[in-house]
Amino acid sequence: MLDQIHLLAAVTVLGVLEQAYFFLQVIYARRMFGVSPPKISGPPEFERIFRAQVNSSEYFPIFLAVLWQAGLFFHQGVAAALGLLYLYTRYCYFMGYKASSSERLTPIYFSSGVLWILLAASALGILHFFLSHYVGLNILQLLTA
């Protein structure tokens with residue numbers, strides 16, 4: 001069983017570490033710009049870092065759900081590779097947003113595209129499972145015949 005999920009688990013751990021890094025960046029920014037909790041407004045430099053972290057946190061549960069579904073029902077290797085690509089684009093998004101609000105656009109569009117691909121892989125994998133398990137129709141055999 002573990003050999004079927006080890007790549008997904010590794011990408012999940014990397015994602016959690018990335019989220020922790022983003023949280024730490026907000027803590028450092030709070031100290032640097034003198035923005036004490038619970039305040040969420042301050043200099044634009046702080047607000048960009050704060051928004052980048054919050055936006056990344058909002059998407060993280062969606063990412064985890066489609067990563068694991070795509071990995072379990074479609075293909076672990078493909079899902080893990082897409083997961084790494086997503087984490088990289090989220091890092092680029094965070095660093096871009098930290099520098100300038102306009103620098104966030106390309107990475108956010110790219111990371112959204114990766115999420116859509118993971119969602120499509122999840123849906124295809126689940127559809128294939130239902131059709132083969134409950135209807136007895138194996139699409140992969142039909143396509144290769």
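Fair warning: this is a prediction, and the values are worked out from it, not measured in the lab. Residues take their numbers from the sequence shown, with the count starting at 1.
Residues satisfying the side chain to side chain donor-acceptor pair (under 3.5 Å) test with T106, not counting sequence neighbours, are none. For H128, the side chain to side chain donor-acceptor pair (under 3.5 Å) criterion is met by N138, not counting sequence neighbours. Scanning for ring-ring contact (aromatic ring centres under 6.0 Å, His included) contacts around F129 gives F73, H133, with sequence neighbours left out. Here S102 pairs with S100 under the side chain to side chain donor-acceptor pair (under 3.5 Å) rule; sequence neighbours left out. With sequence neighbours left out, E58 forms a side chain to side chain contact (heavy atoms under 4.5 Å, CB included) with R51, V54, N55. Every residue two or more places apart in sequence or in another chain was checked for a side chain to side chain donor-acceptor pair (under 3.5 Å) with E103, and none qualifies. In this structure V135 satisfies the side chain to side chain contact (heavy atoms under 4.5 Å, CB included) test together with L131, L137, sequence neighbours excluded.
Nearest approach of V11 to L87, heavy atoms of both residues: O-CD1, 3.7 Å. Of all heavy-atom pairs spanning I117 and L82, the tightest one is CG2-CD1, 3.6 Å.
For OH of Y59, the number of neighbouring non-hydrogen atoms (other residues, nucleotides, ligands) closer than 6.0 Å is 12 at most. Heavy-atom contacts from other residues, nucleotides or ligands closer than 6.0 Å to CG of L17 number more than 12.
The CG atom of L118 lies 9.0 Å from the CG atom of L85; values are rounded to the nearest 0.5 Å. Note that CG of L8 is 6.0 Å distant from CG of L72, once rounded to the nearest 0.5 Å. Note: I27 CD1 to R31 CZ = 6.5 Å, rounded to the nearest 0.5 Å. Between the OG atom of S132 and the CG atom of L127 there is a distance of 9.5 Å, given to the nearest 0.5 Å.
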Sequence neighbours excluded and cut-off under 3.5 Å, please list the side-chain donor-acceptor pairs for residues 63-70, or say none.
unit_1, atom_1, unit_2, atom_2, d
W68, NE1, T12, OG1, 2.8

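Inter-residue side-chain proximity for P43 and V35 is flagged as met; some heavy-atom pair is nearer than 4.5 Å. Within the 4.5 Å cutoff, no side-chain heavy atoms of R30 are placed close to those of S36.
Judged as a ring-ring contact (aromatic ring centres under 6.0 Å, His included), the pairs with a partner in residues 14-58 (not counting sequence neighbours) are, in order, F22-F94, F46-F50.
Cluster partners of Y97, using a side-chain heavy-atom cutoff of under 4.5 Å among ILVMFWY residues and allowing indirect links, are Y93, L105, I108, Y109.
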How far apart are the C-alpha atoms of S56 and Q19, what are their side-chain angles, what is the distance that settles it, and do they pass the side chain to side chain donor-acceptor pair (under 3.5 Å) test? CA-CA 8 Å; S56 296; Q19 290 296 308; 5.0 Å; no
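Grouping the Ile, Leu, Val, Met, Phe, Trp and Tyr side chains by contacts below 4.5 angstrom, directly or via other members, places F74 with L119. In the hydrophobic clustering of ILVMFWY residues, with side-chain heavy atoms under 4.5 Å counting as a link, V13 and L24 come out apart. Residues Y91 and F110 are members of separate hydrophobic clusters, defined by side-chain heavy-atom contacts under 4.5 angstrom among Ile, Leu, Val, Met, Phe, Trp and Tyr.
Between the side chain of Q76 and the main chain of L7, a donor-acceptor pair closer than 3.5 Å is present. Here the side chain of E47 pairs a donor or acceptor atom with the backbone of G42 at under 3.5 angstrom. For R48 (side chain) and K98 (main-chain N/O), a donor-acceptor pair under 3.5 Å exists by modelled atom type.
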